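This is a predicted model, so every value here is computed, not measured.
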Amino acid sequence: MAICGIGVDMEKVSRFENASPALLNRIFTESELSFCLKTAKPAMHLAARFCAKEAAFKALPFDEISFKNIEVLSEPGKKPRLKIHDKRADVFKIDVSLSHTDDAAIAFVIVSGD
């Protein structure tokens with residue numbers, strides 16, 4: 001498989017500390033919000049997921065996809081993964097790496113295909 005796209009994004013966690021419910025619902029899926037809002041520091045996890053979505057926008061070889069069509073799936077004990085809710089993405093392998101501190105979050109996405 002060859003690399004088709006690479007994306008990275010970094011954000012300040014503080015951008016998500018007092019985000020309105022309307023904004024959060026526009027960007028994140030129910031599953032993502034449920035996961036993040038149950039944590040001790042939701043803004044840190046929200047920022048990392050936002051970074052993953054922005055990095056995916058940069059890495060995917062097609063346009064016109066919404067925030068909610070890019071979903072970060074989190075399972076206890078497993079690394080996060082991206083689910084792209086768009087048939088155009090079915091032919092690609094998508095890897096994501098998330099990291100965060102109290103102040104900043106970053107995500108890196110690699111899209112591979114034949």
To the nearest 0.5 Å, what is the distance between [atom1] ([X]) and [atom2] ([Y])?
X: I6; Y: D95; atom1: CD1; atom2: CG; result: 11.0 Å
X: K58; Y: D9; atom1: NZ; atom2: CG; result: 4.0 Å
X: L33; Y: L46; atom1: CG; atom2: CG; result: 6.5 Å
X: E54; Y: I106; atom1: CD; atom2: CD1; result: 13.0 Å
X: D114; Y: K93; atom1: CG; atom2: NZ; result: 12.0 Å
X: L98; Y: K79; atom1: CG; atom2: NZ; result: 11.0 Å

Review point. Regarding R49 and S74, is there a side-chain donor-to-acceptor distance under 3.5 Å anywhere?
Key: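 Checked: R49/S74 side chains pair up, N/O donor to acceptor below 3.5 Å.
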Review point. What pairs of residues pass the side-chain hydrogen bond (donor to acceptor under 3.5 Å, both in side chains) test when at least one of them lies in residues 99-109, not counting sequence neighbours?
Key: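 The answer is K41-D102.
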Nearest atoms (heavy-atom pairs only) where [X] meets [Y]:
X: C51; Y: A105; result: SG-O, 3.4 Å
X: E32; Y: V72; result: OE2-N, 2.7 Å
X: A48; Y: A107; result: O-CB, 4.1 Å
X: E71; Y: T29; result: OE2-OG1, 3.0 Å
X: C4; Y: F92; result: SG-CE2, 3.9 Å
X: A56; Y: V109; result: N-CG2, 3.8 Å

With hydrophobic residues grouped by side-chain heavy-atom distances under 4.5 Å, do [X] and [Y] end up in a single group?
X: I27; Y: V96; answer: yes
X: M1; Y: I94; answer: no
X: L37; Y: F35; answer: no
X: I110; Y: V91; answer: no

Using a 6.0 Å cut-off, check whether atom [atom1] of [X] has over 12 heavy atoms from anything other than its own residue.
X: K12; atom1: NZ; result: no
X: N18; atom1: CG; result: no
X: R81; atom1: CZ; result: no

Practice item. Using ring-ring contact (aromatic ring centres under 6.0 Å, His included) as the criterion, list what pairs up with F67, not counting sequence neighbours. Key: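 Partners of F67 by the ring-ring contact (aromatic ring centres under 6.0 Å, His included) criterion, ordered by chain and then number, come out as F50, F57.
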Check your understanding: F28: what forms a ring-ring contact (aromatic ring centres under 6.0 Å, His included) with it, not counting sequence neighbours?
Key ->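 Expected list: none.
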Practice item. Report yes if some heavy atom in the side chain of I84 is under 4.5 Å from a heavy atom in the side chain of L60; otherwise report no. Key: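 I84 reaches L60 side chain to side chain.
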Practice item. State whether the side chain of K68 and the backbone N or O of H85 hold a donor-acceptor pair below 3.5 Å, judged by distance alone. Key: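 No, because the side chain of K68 does not come within donor-acceptor range (under 3.5 Å) of the backbone of H85.
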Exercise for review: Please confirm whether the backbone N or O of I65 pairs with a side-chain atom of N69, one donor and one acceptor, at under 3.5 Å?
Suggested key: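 Such a contact is absent between N69 side chain and I65 backbone.
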